[in-house]
Structures are given as structure tokens and as C-alpha cells.
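For this chain, numbers begin at 1 and follow the sequence in order. Computed from heavy atoms alone, side chains included, the values below leave out hydrogens, waters and symmetry copies. Since we're looking at a predicted model, the values are computed, not measured.
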Amino acid sequence: MDRIRIRGGARLKGEIPISGAKNAALPLMAASLLTDAPLTLTNVPKLADVAFMADLLRQLGVSAEWQAGAGLGDGGRYRLQATDLAGTAADYDIVRKMRASFLVLGPLVARAGHAKVSLPGGCAIGARPVDLHLKALEALGARVELEDGYVIASAAGGLKGARIEFPFVSVGATENTLMAATLAQGETVLLNAAREPEIDDLGRCLIAMGARISGLGTARILIEGVSSLHAAEHAVMPDRIETGTFAIATAVAGGEIELTGTRAELIGAVIPLLESVGTEIAETNRGLSIHRNGVRPVSVDVATAPFPGFPTDLQAQFMALMATANGVSHIKETIFENRFMHVPELLRMGADIRVEGDMAVVTGVERLKGAPVMATDLRASVSLVLAGLAAEGETIVNRVYHLDRGFERLEEKFSRVGADIERQSV
Ligand code: UD1
């Protein structure tokens with residue numbers, strides 16, 4: 001099993017290319033189920049989760065041809081074609097490994113009139129139910145039953161457009177419903193829809209495939225159903241979580257970094273916070289630049305929220321930054337329960353953090369100390385890498401398969417800007 005070894009203290013200098021977004025690529029891949037024509041995706045990151053999704057699609061009868069990108073940060077190309085579906089069932093074994101597998105439900109019901117998809121089951125970051133996905137499909141006229149841990153959904157006569165108001169914002173439920181509604185009869189209105197840029201990206205790809213959608217980027221999305229979708233090519237948007245992670249890493253380690261192939265507006269909520277902490281951020285014509293000199297970061301408070309708020313997927317990384325900042329920071333997690341699993345590991349590195357319900361109170365210490373730590377989920381594990389960059393001595397992050405699910409060649413990207421980091425196979 002691989003692990004990552006970091007020796008802290010090096011300042012970062014240089015350029016980091018940002019990859020395509022995992023959380024955009026996964027729903028885009030699922031969208032290939034909506035048509036028998038090919039969907040070609042470019043700027044696809046090479047990640048374990050993307051490979052899982054391709055495996056699931058192949059099981060369903062989709063031909064998935066992968067062509068890797070040339071250099072670091074160059075995305076790959078997937079040509080996906082669901083000419084005939086070989087099945088409409090997604091087994092527990094695959095959905096358990098990756099919750100985003102659940103995104104095949106809407107497209108399968110819309111295209112084939114039937115789907116059997118395992119419930120995602122327990123997850124390390126809270127209960128994460130799928131009730132919103134199911135209620136929305138029912139509103140579109142599907143019959144939904146739960147049997148032995150599986151969702152069985154059918155709509156023999158096809159789906160019908162409906163007015164669906166989500167009780168709270170869910171990225172996945174918005175995506176599943178958006179995809180399903182493209183092939184429903186008549187008009188669908190989604191209210192309180194998620195506004196995450198990945199939904200915009202999915203919507204733009206669906207439009208390129210012939211879907212009729214308006215209101216993308218707002219909480220009210222209108223979909224006019226069409227009878228079929230056609231071939232399209234679409235470039236996956238830049239990964240805003242990777243962008244934010246490297247921006248925060250620069251604040252943690254100090255130095256001067258340019259992130260290329262990305263856009264400042266994707267981390268709009270993060271920039272003012274990083275500025276208050278003491279970094280300078282500027283847009284460049286290739287992305288954005290981040291600079292922090294030797295002065296110690298200053299503590300600020302943050303609360304996670306749906307887009308355009310501060311992303312929950314950057315909460316752990318921001319906590320690693322606050323762990324060495326000057327002052328006390330209150331970090332509130334409002335999206336997921338139980339998303340503070342990185343706290344005990346940061347404590348092992350000498351951080352001073354107290355968790356009170358959905359709030360972590362972080363009192364910055366002068367210096368963290370390297371230690372062996374264990375990754376528990378994707379974002380938690382990268383926060384430990386960040387902490388290691390600022391720590392005195394050596395940090396070993398174990399169980400890095402979590403990192404490989406969502407960060408493309410992380411250690412290569414860090415080492416080319418001067419971090420002392422390497423992957424070790426043990
Ligand atoms: C997506 C992202 C994930 C990110 C999250 C929030 C992907 C592949 N994953 O996950 O990285 O952390 O958005 O930005 O894009 N909920 C329900 N019932 C439902 C659906 C969700 O109660 O039917 C709850 C969840 O438990 C959670 C909240 O709603 O507390 C938000 O979850 P959601 O936005 O659906 O997250 P995902 O789409 O799973």
C-alpha cells in the first residue's frame with residue numbers, strides 16, 4: 001500500500017497545472033447513458049473514481065475508450081457510447097466504493113424505463129441519504145421501490161415533466177434529476193436547485209447533446225424534454241477543489257505559485273478569506289497567482305455552505321492552514337455531519353483543536369510536528385499533506401488510496417514546486 005512522505009519547511013515556487021474536475025467528470029460520464037450516440041469528454045482527470053465510473057458504465061454496456069493526456073495536468077479523453085444497454089443494474093460492490101455511482105439512476109430510468117441501483121449505504125462522512133433523488137424521480141412519474149438494499153425504479157411509459165422543489169440544496173439530486181428530465185415528456189422546473197459550477201458544466205454538455213435547458217447557474221432550472229439526445233464533445237471544467245487546495249497549500253507553506261488552467265471565480269468564496277489570512281491573490285491570463293511571504297498567517301472564521309459559499313470539500317484543508325495561524329479560528333461545517341475526521345490526526349501533529357458539535361475551534365500553534373498519520377477520506381487526507389508541508393520534521397500519510405480517488409499526481413505537482421514530498425510503496 002502506498003504512503004506519502006513529506007518533510008516540512010520548504011517554500012513553494014513555480015507553476016502547478018490544474019486538472020479537470022472529478023466532480024464534473026463523474027456526472028458527465030453518467031450522461032453518456034442518455035443516448036446511443038457517442039459522448040466525447042476531454043480534459044478528464046486520471047483518477048481512481050473516474051476509472052470506477054468507467055467500469056460501472058462498461059458493466060451497463062457502454063463502450064468506454066480512454067486516451068491518456070501527454071503531460072502533467074493534460075487531461076485524458078473518454079469516448080463513451082451506450083449503443084445498446086447491456087443491463088440496468090448497478091451493484092452494491094461498485095456503489096459502495098463510490099457514491100457518485102448513484103448518478104446512473106436518473107439516466108437509466110429516462111433512457112431504458114428501468115433501473116436497479118444499490119443504495120450507497122454508510123459513508124465515512126455522515127449518513128448521506130438519497131431521499132431527494134428518489135422523491136424527484138417519483139415526481140417525474142417513476143415508480144420507486146426499495147428492496148434488499150436496492151432502489152428499483154421504473155417508468156414504462158416514460159418520465160413526465162414536473163415542478164420539483166428540493167427542500168434543501170443537493171448537488172447529486174439536482175444532477176440526477178436534471179439528466180432524467182432531459183428525456184421526460186414536457187417541461188420540468190427545478191426549484192432550490194444546486195448552483196455548483198459542476199451543474200452548470202453538466203447542463204452545458206447536455207445542451208450540446210440536444211437538451212433544452214435554461215436557468216443554469218441559478219436556483220431555478222427549466223428543462224424542456226426532448227425525445228432523444230445526440231453526439232457531442234465537451235471539455236470538463238477545471239477542478240475548483242484542486243484549485244482551492246493548492247491555493248490554501250501556498251498559504252500554509254508560504255511562497256509564490258501560479259495555478260494554470262483554472263479560473264479565480266471558481267473559488268470566489270475562498271479568495272477573500274485567503275486575503276484576510278495574509279496571502280496576495282491575483283488573476284493571471286492563465287489562471288491565478290498566490291503569494292505569501294514569511295509572515296505567519298492570521299486566523300479567520302469560516303462556515304461551509306452550498307455554492308457560492310465556502311465549499312465543504314475545502315474545509316479540512318482550511319483547518320490545516322488555521323492550525324498554524326496566529327489566533328483562534330471557528331470552523332463551522334453545515335453540509336455534512338461527522339466531517340471532522342481529520343481533527344484527531346491533526347492533533348497527533350500538535351494542533352490545538354476542539355470540536356463542539358458542528359464547530360471546530362482551532363487555536364493556531366507556532367509550528368506543527370511531523371508524525372505518522374492516517375487518511376480517512378479524500379479531503380481529510382489532503383489536509384494532512386498540507387499540514388505536513390508546514391510541520392517540523394517528517395510526516396507520513398498512510399492509506400493514500402483516498403487521495404488517488406480525487407487528486408491527480410498530487411505529489412508530483414507538489415514536488416515540482418519545491419516541496420520535499422515523495423510517494424513510497426510499502
Ligand atoms: C457532492 C460532491 C461532494 C461534495 C458535496 C457537497 C460529487 C461527486 N460529490 O456530493 O464532493 O462534498 O456535493 O458540495 O459531486 N442529502 C440528503 N438527501 C439526499 C441527498 C443529499 O439528505 O437525497 C444531504 C447529504 O447527506 C448532505 C447534503 O444533503 O448532508 C448535501 O449533499 P449533496 O449536495 O447531495 O452531496 P453529494 O451530491 O453527495
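Exactly one of Leu206, Leu202, Asp201 qualifies for a side chain to side chain contact (heavy atoms under 4.5 Å, CB included) with Arg204. That residue is Asp201.
Shown here are the salt bridge (Lys or Arg N to Asp or Glu O under 4.0 Å) partners of Arg7, two or more places apart in sequence or in another chain: Glu394, Asp420. Under the ring pair (Phe, Tyr, Trp, His ring centres under 6.0 Å) criterion, Phe310 pairs with Phe318, sequence neighbours left out. Residues passing the salt bridge (Lys or Arg N to Asp or Glu O under 4.0 Å) test with Glu65, sequence neighbours excluded: none. Shown here are the side chain to side chain donor-acceptor pair (under 3.5 Å) partners of Arg111, two or more places apart in sequence or in another chain: there are none. Glu356 is linked by a salt bridge (Lys or Arg N to Asp or Glu O under 4.0 Å) to Arg354, counting only residues two or more places apart in sequence or in another chain. Residues satisfying the side chain to side chain donor-acceptor pair (under 3.5 Å) criterion with Thr218, sequence neighbours excluded, are absent altogether. For Glu275, there are no side chain to side chain donor-acceptor pair (under 3.5 Å) partners, not counting sequence neighbours. Arg3 is linked by a side chain to side chain donor-acceptor pair (under 3.5 Å) to Gln424, counting only residues two or more places apart in sequence or in another chain. Residues forming a salt bridge (Lys or Arg N to Asp or Glu O under 4.0 Å) with Glu422 (at least two apart in sequence, or on another chain): Arg5.
Donor-acceptor pairing under 3.5 Å is recorded for the side chains of Asn176 and His133. In this structure, a donor-acceptor pair under 3.5 Å is absent between the side chains of Thr312 and Thr304. Side-chain polar atoms of Asp91 and Ser118 form no donor-acceptor pair below 3.5 angstrom. For the 3.5 Å distance criterion, the side chains of Glu408 and Ser19 qualify, holding a donor opposite an acceptor.
Within the structure, the salt bridge (Lys or Arg N to Asp or Glu O under 4.0 Å) test picks out no pair touching residues 163-175 (sequence neighbours left out). For residues 237-247, the set of pairs meeting the salt bridge (Lys or Arg N to Asp or Glu O under 4.0 Å) definition, not counting sequence neighbours, comprises Glu198-Arg240, Glu242-Lys413.
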Pairs under 3.5 angstrom only: tabulate donor-acceptor contacts from the side chains of residues 70-80 to other protein residues two or more places apart or in another chain.
| from | atom 1 | to | atom 2 | distance (Å) |
| --- | --- | --- | --- | --- |
| Asp74 | OD2 | Gly71 | N | 2.8 |
| Arg79 | NH1 | Gln81 | OE1 | 3.3 |

